[in-house]
Number of protein chains: 2
Amino acid sequence: MLKFESDNKPKDDSVPASVPTDDDEPVGHRGDKRERILDAALELFNDRGFHGTPMPLVAEQAGVAAGTIYRYFESKEALVNALFHYWYSVLNRDLFDEDWAQRPLRERFHLHWERLANFAFTHPRAYAFLNLHFHSTYLDDESRAEIMRHWERGEAFFAEASEQQVTKNLPPEMLMLMIDGLFTGMFRSHVLGMVEMTPELIRAGEECAWATVRR
Amino acid sequence: MLKFESDNKPKDDSVPASVPTDDDEPVGHRGDKRERILDAALELFNDRGFHGTPMPLVAEQAGVAAGTIYRYFESKEALVNALFHYWYSVLNRDLFDEDWAQRPLRERFHLHWERLANFAFTHPRAYAFLNLHFHSTYLDDESRAEIMRHWERGEAFFAEASEQQVTKNLPPEMLMLMIDGLFTGMFRSHVLGMVEMTPELIRAGEECAWATVRR
DNA sequence: CTGGAATGAATGAATATTCATTCTGTGGCG
DNA sequence: CGCCACAGAATGAATATTCATTCATTCCAG
């Protein structure tokens, strides 16, 4: 029986080696330093917040000299945004594809729940990071665009469901955010070590979520 | 028809004038400076985070000199904690009383939802603040104790409901956090300006929430 | 007058960022 | 094979800010 770990064993939220150095970064390097920096930042920003983590600490955790970070990222802000934008785009890619868009409503809901769970529980720190920082003032346009992409799909789904009277007669945005919060609650019960998450529980969570919105 | 404001008109999250200066603060003062400082901090910490807000800015927003803050609070940390502990204790007082504890389960759920909504929508910044900061490293024992008080009641409720087979057969902690997230989602839909919250919608939210957990 | 309250410039500790220097690996050449 | 430039990568001490906190001074109510 597959189950996810809830303790502090290494979680796989590391940036896959294949991440294209986003664009104009130094070209000739073959090392994994960029990834190690992103990784360290992910963990530290989660634990201590953006303004609460000094760059030298990120450097130390990444096993890199302070100055090195600036070979890969313009600034501290560029670093959070690279992190945010990268993980959010992964999430969006994971959640939505052409196939998904043309399934029936209930199946879309199911698929979305499953995929979201898959993302959140295999990249717990990344998911926590996105949740914690989506409201921050230092996000740039690219990051915000990624949030928009996500929300537009969610709203469209619930608008459609509302029209077809599949879901309760409530503002779609409210339904969307309630489901999002519901999921985050489930996620938290796992991350806080209160519940050992299993595929069965995730499935049960989906039943709860559907009961929340169905007419 | 009562409705809550979602725009930027002044919200009433100010600390009531009667707040007893928590304990050992300077005694003889009659001014409202302490409250103005707490107020300014509440808003700024919400918008820019704890480490993201300089004390001089808090002072400016409070209409007070920088040094004055230190007549009322030992340090910046003491300030967040005063804020956190104060509002959390108000929340706890609002939610739970002797009467509440001996109502039937479903009624307790209803009352809790209503009271929580009342707190959150009359003190939106305070509620957002508590949500945003409950996980922070700089909370002191007193603040954490307030969190515990809250969670113990929640867990007890869902444990009892689970025993009596009123709710789904799932870990009580998971149910509790899902409901909490659900509420937060509803709250957010209002705060983000997507939904104009009304007592009817709040009631509808409760139905959703109950559908989530009932067997 | 006087003592507590308030002020805000000054202090010192952090912290983001820079940059002169060192390292490393690659390829040409004797 | 060994040696030698050389370029890009990495370093980390130094710099320039920013910021929490202090405290000598001023204000003001009684």
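Lettering follows sequence order; numbering is per chain, from 1.
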Test of ring centre spacing under 6.0 Å for A:Phe129 and A:Trp87: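 So the answer is no for these two rings.
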B:Thr68 vs A:Ser75, nearer the 5' end of DNA chain C by closest nucleotide:
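With B:Thr68 and A:Ser75 compared, the 5'-side residue is B:Thr68.
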* Asked: Mapping A:Phe50 and B:Val64 to their closest nucleotides on DNA chain C, which lands nearer the 5' end?
  ->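 Whichever sits nearer the 5' end wins; that is B:Val64.
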For [X] and [N], what is the distance between atoms [atom1] and [atom2] respectively, to the nearest whole Å?
{"X": "A:Arg71", "N": "C:dT21", "atom1": "CZ", "atom2": "P", "result": "17 Å"}
{"X": "B:Tyr70", "N": "C:dG8", "atom1": "OH", "atom2": "P", "result": "16 Å"}
{"X": "A:His51", "N": "D:dC19", "atom1": "NE2", "atom2": "C1'", "result": "13 Å"}
{"X": "B:Leu57", "N": "D:dA20", "atom1": "CG", "atom2": "C1'", "result": "13 Å"}
{"X": "B:Lys33", "N": "D:dC28", "atom1": "NZ", "atom2": "C1'", "result": "11 Å"}
{"X": "B:Ile69", "N": "C:dA6", "atom1": "CD1", "atom2": "P", "result": "12 Å"}
{"X": "B:Ile37", "N": "D:dA20", "atom1": "CD1", "atom2": "P", "result": "14 Å"}
{"X": "A:Met55", "N": "D:dT17", "atom1": "CE", "atom2": "P", "result": "18 Å"}

In terms of ring plane angle, is the pair B:Phe183 and B:Tyr127 parallel, tilted or perpendicular, where the classes change at 30° and 60°?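 Judged by the thresholds at 30° and 60°, the geometry between B:Phe183 and B:Tyr127 is perpendicular.
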- [ ] Report the nucleotide, chosen from D:dT11, D:dA9, D:dA20, that has the shortest atom-to-atom distance to any side-chain atom of A:Tyr72.
- [x]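 Between D:dT11, D:dA9, D:dA20, the one nearest the side chain of A:Tyr72 would be D:dA9.
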For this session: Name the closest nucleotide to the B:Ala65 side chain, picking from D:dT22, C:dT7, C:dA16.
Result: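 Comparing D:dT22, C:dT7, C:dA16 against the side chain of B:Ala65, the answer is C:dT7.
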Answer yes or no: does atom CD of B:Glu60 have more than 12 heavy-atom neighbours from other residues, nucleotides or ligands under 6.0 Å?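 No, because the 6.0 Å sphere around CD of B:Glu60 holds 12 heavy atoms or fewer from other groups.
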Do B:Glu142 and B:Asn81 have side-chain atoms, one donor and one acceptor, less than 3.5 Å apart?
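Not at all, the side chains of B:Glu142 and B:Asn81 share no donor-acceptor pair under 3.5 Å.
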